[in-house]
Amino acid sequence: MLKYVIKTLWRHRTRTFLTVSGAAVAMFVFCFVGSVQEGLNRLSNGEDANRSLIVFQENRFCPTSSRLPQDYANQIGKIEGVADVMPIQVWTNNCRASLDIVVFNGADPEKIQQNRPLQLVEGDWQEFESRRDAAIVGKNVATRRGIKRGDQFSIGNISVNVAAIFESNVPAEENLIYTNLDFLQYTQGLDSAGLVTQHEVMLNNNADPDRVAREIDQALRAGPVATTTRRKGAFQASTLADLVDLIGFAHWLGFACVGLVLTLVATTTVMSVEDRMKEYAVLQTIGIRPLRTLRLVLTESTLLCLVGGLTGTGLALLALSLGGFAIGAEGTTIAFQPSIDLLFYGIVVSISLGVISGLVPAIQAATVPIVKALNQP
Amino acid sequence: MALVELRNVCKSFTKGDQTITPLDHVDLDIEAGDFVSLMGPSGTGKSTLLNLISGIDRVDEGSISVDGVGVTELSRGKLADWRAKHLGYIFQTHNLIPVLTTYENVELPTLLLRLSSAQRRQRVELALEAVGLTDRSNHYPSQLSGGQEQRVGIARAIVSHPQVVVADEPTGSLDTKTSEQIQILLQRLNQELDITLLMVTHDAEVAAIASRRLLLDEGKFVEQNTDTHLKSSG
Ligand SMILES: Nc1ncnc2c1ncn2[C@@H]1O[C@H](COP(=O)(O)OP(=O)(O)O)[C@@H](O)[C@H]1O
Ligand SMILES: [Mg+2]
């Protein structure tokens, strides 16, 4: 019986091909949007979103404009509940929303190794620590920019020697380039000696993040620069606020794609079934049950959706894994990554859409008035 | 008990404010192994009768049973199951599935039966042999002549070894020579495979090959047992 369905689809291959392509394009966009959404969710719900704090200069947003004394770290370290403080100098090639954002984080290599979930895939920590202009580059940036270990990578006034490429289970990390703190402080020509962009505060297991944040801001109020301290998740979400709106909008785009697949496949299936009402009457006269007729049509629409959906999802995942796409603003990035969840989601959505879009024509075929349809010329 | 029994069967249609009653309280018995032909002017309800016996249309009144099964009592799904096992339908315009080959068209009804693939293959091959189309197995309907298409339609109707085969003007759209081939084929199926046949035709010569001839006139059956039109099959 599957042979009948496939041969029927093959008979109208132009129509089948167009429908499958349409479904593929729509599912491609759907998955792409899904990966952006996933990236955003990871930022605000990730492991470290609530277990570390970011101390930033009050009322500043772009990393180039936040300048905090590096020695604030000592004061912060004394506050109860603080496990560790990592002063970070941030440099980005673009403070606005951009698809090709390059973000440098300068920090103490030892602290990076302790506090960031990184695994080097090429190169070693030793080399990073020993060379002043050494950098370790996140896999995503490396893919996007074609950077390899040993390369000299230059952007703006900065030129670094790539000591290693790293992976991370936190995809946003893979969009970063880490350098030594003092290297970034001196080379950017911003006269940042003794200043950093932000302090990242690692909390003890049972410390209340909001209390610690309040105490930090209070303690530093007496210093030369006032601060705003937020949970890392909230900090990232607020830096990306404009983008979050956009992504929310893109979410609707995803739904529109679903609607598109639905109408496309439903139209094709309705056309195909209405052309063949007599054939379904013949099949039922031969002894094919109405329920089985229903299944035949559902199989047809599901096959269309599944082939299109798998193609689109597959291409989207391929593009995501090869492209190393990321969108970012003000030094924070959202990584678009392929994931098993996306694949699973793509398959489930395709199958569901196939069944739903075939439902109306399937019922038409199952309940065909046999004699009337047989009498059609 | 006869194989096919119609009791008090009534069927009427309404077209606008007009009611036509092609079958008006009719009774009919068909014995197993019979070859019955049914003639009558156009629009008298011959096709309607076949459709009622096959259960693809519903009676208004009365009952029909085939080999003790109350066809008029079954649901649409159960009727489909019953047809798959016990009834073959030969259409005037063969109604083959265009995307399937000769072999696949004939195989289709056997997919609804519990058979091993070897048994299925054997049945299909036998049916194709019976209609003389073994060498056309892989042809599509569009690659066959009208007579060949009709023979595929016949093979499809007999492949499940049904108790009854109904045929609605099986030679109606064929030329005389092809029509004769089909007549001989039907007669052989009846005599050699012992298939009970009920055939509608508007052609007296075609009707003559049957062992029992009926005329449907004004809603009633009339037996036509004068042998004046009987034609030898040789
Ligand atoms: N679905 C229907 N709706 C209305 N009238 C119908 C329908 N089916 C058949 N009829 C009418 O019933 C009569 C018998 O039809 P049919 O059995 O096809 O005749 P035959 O096969 O003897 O030519 C015709 O007058 C036809 O117009
Ligand atoms: Mg008729």
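A note on names: the letters A, B, ... follow the listed sequences, proteins ahead of strands, and every chain is numbered from 1.
Using a 4.5 Å cut-off between heavy atoms, A:Val5 does not touch chain B at all. Contact annotation for B:Asn95: both backbone and side-chain heavy atoms come within less than 4.5 Å of a heavy atom of chain A. In this structure, the portion of B:Glu107 lying under 4.5 Å from any heavy atom of chain A is its side chain and not its backbone. At a 4.5 Å heavy-atom cutoff, A:Lys372 makes no contact with chain B through either its backbone or its side chain. Heavy atoms closer than 4.5 Å to chain B are found in the side chain of A:Arg292, but not in its backbone. Interface remark: A:Ala366 contributes backbone atoms only to the contact with chain B (heavy atom separation under 4.5 Å). Residue A:Leu291: no heavy atom, backbone or side chain, is found under 4.5 Å from chain B.
In B:Gln119, the CD atom is crowded: over 12 heavy atoms of neighbouring residues, nucleotides or ligands sit closer than 6.0 Å. Within a 6.0 Å radius of CZ in A:Phe344, no more than 12 heavy atoms belonging to other residues, nucleotides or ligands are found. In the displayed structure, A:Tyr345 atom OH is contacted under 6.0 Å by at most 12 heavy atoms of other residues, nucleotides or ligands. More than 12 heavy-atom neighbours from other residues, nucleotides or ligands sit within 6.0 angstrom of CZ on A:Arg13.
Going from atom OG of B:Ser160 over to atom CD1 of A:Ile286 covers 9.0 Å, rounded to the nearest 0.5 Å. The line from CD1 of A:Ile370 to OH of B:Tyr89 is 10.0 Å long, rounded to the nearest 0.5 Å.
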> So A:Arg289 and B:Leu112, side-chain contact (heavy atoms from CB on, under 4.5 Å) or not? Walk me through it.
Replying inline: CA-CA 9 Å; A:Arg289 265 188 244 163; B:Leu112 307 170; over 6 Å; no

> Can you check side-chain contact (heavy atoms from CB on, under 4.5 Å) on A:Lys7 and B:Thr101, steps first, answer last?
Replying inline: CA-CA 10 Å; A:Lys7 282 189 152 185; B:Thr101 62; 3.9 Å; yes

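Closest heavy-atom contact between B:Phe91 and A:Val282: CE1-CG1, 4.2 Å. Heavy atoms only, all atoms of each residue included: B:Pro98 and A:Arg11 are closest at CG-NH1, 3.6 Å. A:Pro290 and B:Ala80 make their closest contact through CD-CB, 4.5 Å (heavy atoms, listed as atom of the first residue, atom of the second, distance). The shortest heavy-atom contact between B:Thr93 and A:Lys278 is OG1-NZ, 4.2 Å.
Contact annotation: the side chain of A:Arg276 never approaches that of B:Val99 to less than 4.5 Å [non-hydrogen atoms, C-beta and beyond]. Proximity of A:Thr285 to B:Leu87: side-chain heavy atoms (C-beta onward) are nowhere separated by under 4.5 Å. In this structure, the side chains of B:Leu111 and A:Lys3 stay at 4.5 Å or more apart for every pair of heavy atoms. Residues B:Ile97 and A:Leu283 are in side-chain contact: their nearest non-hydrogen atoms beyond the backbone lie under 4.5 Å apart.
With hydrogens and angles ignored, the 3.5 Å screen pairs a side-chain donor or acceptor of B:Arg83 with a backbone N or O of A:Gln284.
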